[in-house]
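These values consider heavy atoms only, across backbone and side chains, with no hydrogens, waters or symmetry-generated copies.
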Amino acid sequence: MVTQPVGNLGVTHKITRRFDGPVLVGTGWQQFRDVIPAGGTAFYGLTPAGGLVWYRHDGFNDGANKWTGPVTVGSGWNNFKKIFAGGDGVLYGIGADGSLRWYREADAANASSQPRWSGPTVVGTGWGNFVQVFSTGEGVIYAITADGKLMWYHHKGYL
């Protein structure tokens with residue numbers, strides 16, 4: 001166990017460096033441009049051609065090589081500069097024009113071959129100049145400007 005200050009607050013926390021694993025649970029993941037959380041133990045792989053492929057790791061508790069998927073749930077996602085998860089099946093995409101588009105997959109926890117998407121809905125503009133954009137869920141979005149400022153947003157209608 002190591003004790004060290006965290007951040008610039010001078011607070012000391014005990015850190016335990018104990019892990020199980022690594023355990024090999026899959027191969028071929030280099031094929032994806034990005035991997036995006038879908039909620040719970042599910043996530044999407046983004047193919048270079050813009051396909052969105054859903055997976056759920058059913059062996060997440062013990063590292064078992066047990067999966068549901070792949071299920072192709074979308075296409076055309078390569079048209080976005082950035083895609084990020086918003087929680088509860090919500091995905092946001094930032095277009096080349098800086099627009100922020102909202103989508104929601106009703107079956108994000110257990111995808112079907114006939115995905116049920118809501119959207120796209122343009123929920124904002126001017127998002128193209130941020131260097132990073134991410135969400136902590138429940139409509140809260142953070143964006144980092146080129147000069148290092150961290151901006152907070154709350155998309156009240158995220159569901």
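- Between the CH2 atom of W54 and the OG1 atom of T68 there is a distance of 5.5 Å, given to the nearest 0.5 Å.
- Atom OG1 in T41 sits 11.0 Å away from atom NZ in K66 (nearest 0.5 Å).
- Counting only heavy atoms from C-beta outward, the side chains of L91 and R104 never approach each other to under 4.5 Å.
- For V23, the side-chain contact (heavy atoms from CB on, under 4.5 Å) partners are V25, not counting sequence neighbours.
- Within the 3.5 Å criterion, the main-chain N or O of G98 finds no donor-acceptor partner in the side chain of K81.
- Considering CG of N65 and CG of D58, their distance stands at 11.0 Å, rounded to 0.5 Å.
- Side chain of S135 to backbone of V140: a donor-acceptor contact under 3.5 angstrom is found.
- With sequence neighbours excluded, the residues satisfying side-chain contact (heavy atoms from CB on, under 4.5 Å) with D34 are I36, L46.
- Taking both residues in full, the closest heavy atoms of A108 and G89 are given as CB-CA, 3.6 Å, listed atom of the first, atom of the second, then distance.
- Judged by distance alone, with hydrogens and angles left aside, the side-chain atoms of R56 form a donor-acceptor pair with the main-chain N or O of A109 at under 3.5 Å.
- Not a single side-chain hydrogen bond (donor to acceptor under 3.5 Å, both in side chains) links N78 to another residue, sequence neighbours left out.
- There is a path of hydrophobic side-chain contacts, each under 4.5 Å, that joins V73 to F80.
- Annotation: side-chain hydrogen bond (donor to acceptor under 3.5 Å, both in side chains) contacts of N79 (sequence neighbours excluded): none.
- Counting only N and O atoms by type, the side chains of Y142 and Q132 include no donor and acceptor under 3.5 Å apart.
- Listed by chain and number, the hydrophobic cluster partners of W127 are F84, V90, Y92, I94, L100, W102, V123, F130, V133, I141, M151, Y153, Y158, L159, where partners are ILVMFWY side chains within reach of under 4.5 Å, directly or through others.
- The heavy-atom pair separating A38 from Y44 by the smallest distance is CB-CE1, 3.3 Å.
- A donor-acceptor contact shorter than 3.5 Å is absent between the side chain of H57 and the backbone of F43.
- By the side-chain hydrogen bond (donor to acceptor under 3.5 Å, both in side chains) test, W117 is found to be paired with no residue, residues two or more places apart in sequence or in another chain being considered.
- Heavy-atom contacts from other residues, nucleotides or ligands closer than 6.0 Å to CD of Q114 number 12 or fewer.
- Hydrophobic cluster membership is shared by L150 and V131, with clusters built from Ile, Leu, Val, Met, Phe, Trp and Tyr side chains linked at under 4.5 angstrom.
- Distance alone, capped at 3.5 Å, places no donor-acceptor pair between the W67 side chain and the Y55 backbone.
- With a 4.5 Å cut-off on side-chain heavy atoms, R33 and T47 do not count as touching.
- Atom CG of D62 has more than 12 neighbouring heavy atoms from other residues, nucleotides or ligands inside a 6.0 Å radius.
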